[in-house]
Amino acid sequence: MNRDMVGRRLVVTGAARGIGEKVARLAAARGARLAVIGLEPDRLRSLVDDLGPTASWREADVRDAAAVRSAIDDCAQVMGGIDAVVANAGVAAYGTVRQTAEASFERVLDINLNGVFRTLKYATPHLEQSRGHVMVVASALSFMPLAGMASYAASKTGVEMLTLAYRQEVAHLGITVGLVHPSWIDTDIVRGADADLPSFQRLRSRLPYPGNVTTSVDEAAAAIVDGLVRRRSRVYVPRAVIVANWAKAALNSPLAWPWTRRFAAKAVPALESEVEALGRNDQLVPGTDDRHA
């Protein structure tokens with residue numbers, strides 16, 4: 001395995017499971033020194049035990065500005081600085097706009113969008129000192145709306161614009177900034193949605209490629225770590241997602257609307273019925289009592 005991250009001091013948020021955990025493990029294997037932030041102390045402690053004596057962890061909710069700032073500052077103090085950050089913490093929720101509780105919608109935006117803002121804000125002083133690199137995990141849904149996922153798509157579209165503006169703001173400080181656009185990744189979020197809503201899996205299977213495939217979390221983590229090493233401005237997982245970015249104007253144009261309308265008309269009633277039967281909008285993440293990722 002390449003040792004191309006030797007000496008790099010990396011902070012990963014949302015590192016207790018899924019993409020964040022795999023990024024931390026792979027980066028450590030390639031020589032990075034890790035500090036991980038998340039909400040599941042037992043999992044974080046176990047992860048750090050596996051990563052070795054130079055790794056550390058902090059428990060913090062990205063909705064809590066003081067906790068985020070304290071965690072990032074502590075990580076920088078322990079490692080003697082920060083060279084790179086992966087802003088990965090995120091959650092999903094179920095339901096169309098008309099049936100989603102306001103609190104559920106606001107929760108998704110506060111974690112996925114405001115959480116990235118807080119992470120970038122408080123990491124910036126440390127990244128300025130190292131002229132470091134940030135990778136922000138957005139989504140293929142940053143530019144591809146999907147019925148039944150309005151809160152998630154809104155948050156990830158906001159993440160893209162926030163990150164692109166931040167890239168301009170910190171360029172003169174020597175900080176470089178990248179965006180990650182995963183499609184469906186084999187994580188607890190996607191598996192949980194498939195289990196909770198059988199029609200969700202059927203909906204995904206009817207999407208055009210690459211929207212109809214699920215990528216392994218190992219492949220996603222490898223793409224992100226490679227992006228860190230090369231300080232990439234965009235990472236697509238799988239790479240074919242780049243077509244959706246190039247074609248987003250066409251995908252959201254009147255030309256595509258007839259197909260989109262027919263597709264949604266078939267999918268939405270079943271999704272709404274299943275969410276109603278489920279009795280909740282928030283996704284229950286394994287191992288967390290408060291349903292955070």
Any donor-acceptor pair under 3.5 Å from [X] side chain to [Y] backbone:
X	Y	result
S46	D42	no
S142	A138	no
T100	T96	yes
S70	A67	no
R167	S233	yes
S155	Y152	yes
R232	R234	no

Which pair of non-hydrogen atoms, one from [X] and one from [Y], has the smallest distance, and what is that distance?
X	Y	result
V159	N112	CG2-O, 3.2 Å
A221	K22	CB-CB, 3.6 Å
D188	R191	OD1-NH2, 2.9 Å
L34	A28	CD2-N, 3.7 Å
G174	R231	O-NH2, 3.7 Å
A16	E40	CB-OE2, 3.6 Å

Step by step, work out the side chain to side chain donor-acceptor pair (under 3.5 Å) result for D73 and Y122. CA-CA 8 Å; D73 287 349; Y122 296 117; over 6 Å; no
Can you tell whether the side chains of [X] and [Y] come within less than 4.0 Å, N to carboxylate O?
X	Y	answer
E21	R25	yes
D110	R118	yes
R30	D226	yes

Evaluate the criterion salt bridge (Lys or Arg N to Asp or Glu O under 4.0 Å) for residue pair D61 and R63; output intermediate values, then yes/no. CA-CA 5 Å; D61 186 337; R63 295 181 297 179; 3.4 Å; yes
With clusters defined by side-chain heavy atoms of hydrophobic residues (ILVMFWY) lying less than 4.5 Å apart, directly or transitively, does L10 cluster with V6?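 Looking at the clustering, L10 is in a separate group from V6.
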Taking only distance into account, with no hydrogens and no angle test, what donor-acceptor pairs under 3.5 Å do side-chain atoms of residues 208-219 form with protein atoms, sequence neighbours excluded?
residue	atom	partner	partner atom	Å
N212	ND2	L207	O	3.4
T214	OG1	R204	NH1	3.0
S216	OG	E219	N	3.1

With a sphere of 6.0 Å drawn around CZ of R45, does it hold more than 12 non-hydrogen atoms of other residues, nucleotides or ligands?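 For R45, atom CZ is crowded (more than 12 foreign heavy atoms under 6.0 Å).
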Just wondering, more than 12 heavy atoms not from E59 lying within 6.0 Å of its CD?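 Yes - once you tally the heavy atoms of other residues, nucleotides and ligands closer than 6.0 Å, there are more than 12.
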Sub-4.5 Å side-chain heavy-atom contact between Y94 and S104: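 Result no, sub-4.5 Å side-chain heavy-atom pair not found.
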Is there a side-chain contact between L146 and F263, using heavy atoms and a 4.5 Å cut-off?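 Yes, side chains in contact.
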Show me the side-chain donor-acceptor pairs of residues 78-90 shorter than 3.5 Å, one per line, residues at least two apart or across chains.
residue	atom	partner	partner atom	Å
D83	OD1	R9	NH2	2.9
D83	OD2	R9	N	2.8
D83	OD2	R9	NE	2.8
N88	ND2	T13	O	3.3
N88	ND2	G14	O	3.0

Under 6.0 Å between ring centres: does that hold for F200 and W184?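 Yes, they do, as the ring centres are separated by less than 6.0 Å.
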Does a donor on one side chain sit under 3.5 Å from an acceptor on the other, for T54 and R33?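 There is no such pair (donor and acceptor under 3.5 Å, judged by atom type) between the side chains of T54 and R33.
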Return the set of residues passing ring pair (Phe, Tyr, Trp, His ring centres under 6.0 Å) with Y236 (not counting sequence neighbours), or none when no residue passes.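 So Y236 forms a ring pair (Phe, Tyr, Trp, His ring centres under 6.0 Å) with H181.
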Nearest 0.5 Å please: distance from the NZ atom of K121 over to the CD1 atom of I72.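 Output value for this atom pair is 11.5 Å.
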Evaluate V170 against L173 for side-chain contact (heavy atoms from CB on, under 4.5 Å), listing each step before the verdict. CA-CA 5 Å; V170 298; L173 302 178; 4.2 Å; yes
